[in-house]
Amino acid sequence: MTQRLAPPEPPQEMVHQAIHTIEYVLSCISNTASYLRLWALSLAHAQLSEVFWEKAVVEIGLESGSPALVLATITAWSCFTLGVLMCMESLSAFLHALRLHWVEFMGKFYQGDGLCFQPFSFARLGEADAE
């Protein structure tokens, strides 16, 4: 025979719903801030590339008038931009994966009420066979 639980009292249910509402609003703000962080990293990527171009190629290479110096500054700009921006893009990909894991996955599916971890042990395996 199954037991029926009594319905929750109205004030208790209101407090419970208020807590869930606050939690939902905070998670929305957190998600928005997380995406804004990724967007800011993307903007920094574009601005750094533009600054590198202006400072290296335009101010040094093109104003000198030397074709060899123009080629050298474009090569330096390409290598430096590739190095810095690849690091930034790697960081962006890492942050996005981390964000998806901790904010999206853990906030929706993780409950943390499972079994305690017990590492494998041959001694415990022998005890289970003896029983």
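Small disclaimer: the values here were computed from a predicted structure and weren't measured.
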- Mind checking what makes salt bridge (Lys or Arg N to Asp or Glu O under 4.0 Å) contact with Glu63, not counting sequence neighbours?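 So Glu63 forms no salt bridge (Lys or Arg N to Asp or Glu O under 4.0 Å) with any residue.
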- Any pair with a residue in residues 68-77 that passes side chain to side chain donor-acceptor pair (under 3.5 Å), sequence neighbours left out, goes on the list, sorted by first then second residue, please.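 Listed by first then second residue: Trp77-Thr81.
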- Taking all heavy atoms of Ser27 and all of Tyr24, pick out the closest pair and write down the distance.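 For Ser27 and Tyr24, the tightest heavy-atom pair comes out as OG-O, 2.8 Å.
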Nearest-0.5 Å distance that lies between atom [atom1] in [X] and atom [atom2] in [Y]:
X     : Y     : atom1 : atom2 : result
Thr21 : His16 : OG1   : NE2   : 10.0 Å
Ser66 : Ile60 : OG    : CD1   : 12.5 Å
Glu54 : Leu62 : CD    : CG    : 9.5 Å
Leu36 : Ile29 : CG    : CD1   : 11.5 Å

Treat each ILVMFWY residue as a node, draw an edge where side-chain heavy atoms are under 4.5 Å apart, and state whether [X] and [Y] are in one component.
X     : Y     : value
Leu95 : Tyr35 : yes
Phe80 : Val57 : yes
Val84 : Ile74 : yes
Val70 : Val58 : yes
Phe52 : Leu69 : no

